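Data first, discussion second: the structure below is written as structure tokens.
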Amino acid sequence: MTRVYNFSAGPSMMPEDVMKLAQSEFLDYRGLGSSVIEISHRSKDYVALAAEAERDLRDLLKVPDNYRVLFMQGGGRGQFAAVPMNLLTGTGKADYITTGNWSKDAHTEALKYGDAREIKADFKGEDGLIRVRGDLQFRDDADYVYYCANETVCGVELFDIPDAGDRPLVADVSSEFLSKPMDVSRFGLIYAGAQKNVAPAGLTIVIVRDDLVGRAMKCCPSIFDYKILADKDSMFNTPPTFCWYMAGLVFKWLKELGGLEEMEKLNIAKSDFLYGFLGSCDFYSLAVAPEFRSRMNVPFFLKDESLNEKFLAEAKVAGLTSLKGHRILGGMRASIYNAMPMDGVKALVKFMEDFAAKAG
Ligand SMILES: *Cc1c(COP(=O)(O)O)cnc(C)c1O
């Protein structure tokens, strides 16, 4: 068996130790004689597993007691609708900071439900590099302010949390969730689709402050109503049991690694190494200003784009896959989530060095 370094933006690499453990207990979950995917979500064993996963997540992120953790379905895009259906119910106004494709799409979805105003914050500086404005004004009576903490497509990460004053701040953290510590108390709500950094596709984790639960529109489907999910411990309907189990294994893996502080150190080391090389080699170029460069998703370009196909083909032979950039942006993108080891990043840099030397 040969495993490659897979730079996919999502679904993406999972920690190998986690997959081996899941494989070893797949047919017989801890002596039950059944697989974890074959047992009822209401069985004693499953309920215990689910509760332990939530506890571990709360420990990792230091989630305050006045926040609920929900294990939902419908992906990130489900939350593009669920957030306004649950929260756009006071004045019906919300301010959306947009910094790339995902926040723009979230804003477009929110327009269905109320007065969602776009505050476009990304711009190109004189050097042609993408930046994000900080001097943003929000409406006093906005029900919430929304932003995307890491734009997966263009590789723009906001390291400073926007100041929304007293308004609840909502963040899509799908592609940076658990890559570093986070002060949850600064937010009204955060959510993350699991398939980037946590588990197989099918699970969405929502962390929401108590006072924002129980405000949903009448039209909100019950499976998207935070109050119903919270009251039923996310078991109003059948949850994605396998994903929840896998997420629990990943939380344990993170704890054993030393928690999110340690994870962040590794992520800084990996991204510094990759950006350091890209910045020093004329053969490649970057599109984002240094202070906004994502530690998770690294888009880059070959200055001679006619070599793109050759680059991808040779990378694949070298065991480096899914480097093709998003269709909107073109070029290349290396996603280096938690599960990508430093060795994978080193192998990529070595390949890029050799490729540039040969072609240039
Ligand atoms: C992937 C992604 C989404 C969409 O997630 P789906 O689960 O495919 O709906 C939303 N926001 C961000 C930041 C993402 O990276």
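Worth saying up front: this structure is predicted, and the values here are computed from it rather than measured. We number each residue from 1, following the sequence as shown. Each ligand, and each atom within it, is numbered from 1 in the order the structure gives.
Scanning all protein heavy atoms for the shortest distance to atom 12 (C) of ligand 1 gives D172 OD2, 3.4 Å. Regarding atom 9 (O) of ligand 1, its nearest protein heavy-atom neighbour is R77 N, 2.8 Å.
A heavy-atom distance below 4.5 Å is not found between the side chains of S234 and P239.
R55 and D59 are not joined by a salt bridge, as no carboxylate oxygen comes within less than 4.0 angstrom of a charged side-chain nitrogen. Contact check on K255 versus D56 returns a salt bridge, with a Lys/Arg side-chain nitrogen under 4.0 Å from an Asp/Glu carboxylate oxygen. By the 4.0 Å N-to-carboxylate-O rule, R133 lies close enough to D135 to be salt-bridged with it. Looking at E54 and R58, a side-chain N of the basic residue comes within less than 4.0 Å of a carboxylate O on the acidic one, giving a salt bridge.
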Exercise for the section: Run the numbers on R209 and D211 for salt bridge (Lys or Arg N to Asp or Glu O under 4.0 Å), then give the verdict. Expected result: CA-CA 6 Å; R209 210 171 59 209; D211 61 293; 2.7 Å; yes

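Using a 4.0 Å heavy-atom cutoff, G75 is listed among the residues neighbouring ligand 1. Remark: distances from the non-hydrogen atoms of Q79 to ligand 1 are all 4.0 Å or more.
When non-hydrogen atoms are compared, ligand 1 lies under 4.0 Å from the backbone of N150 (N, CA, C, O) but not from its side chain. Only the side chain of K196 comes within contact range of ligand 1, with a heavy atom under 4.0 Å; no backbone atom does.
Polar contact with ligand 1: present for G76 (N/O pair, distance under 3.5 Å).
Between Y146 and Y96, the angle of the ring planes stays under 30°, which puts this pair in the parallel group of the 30/60° scheme. Between Y46 and W244, the angle of the ring planes goes over 60°, which puts this pair in the perpendicular group of the 30/60° scheme.
Close contacts between ligand 1 and C148 involve ligand atoms 13 (C) [criterion: under 4.0 Å to a heavy atom]. Every atom of ligand 1 is numbered from 1 in the order shown, and the set under 4.0 Å from a heavy atom of F80 is 10 (C). Heavy-atom contacts of T152 reach the following atoms of ligand 1: 12 (C), 13 (C), 14 (C), 15 (O) (cutoff under 4.0 Å). Shown in contact with Q195 at under 4.0 Å from a heavy atom are these atoms of ligand 1, numbered in order with element: 5 (O), 6 (P), 7 (O), 8 (O).
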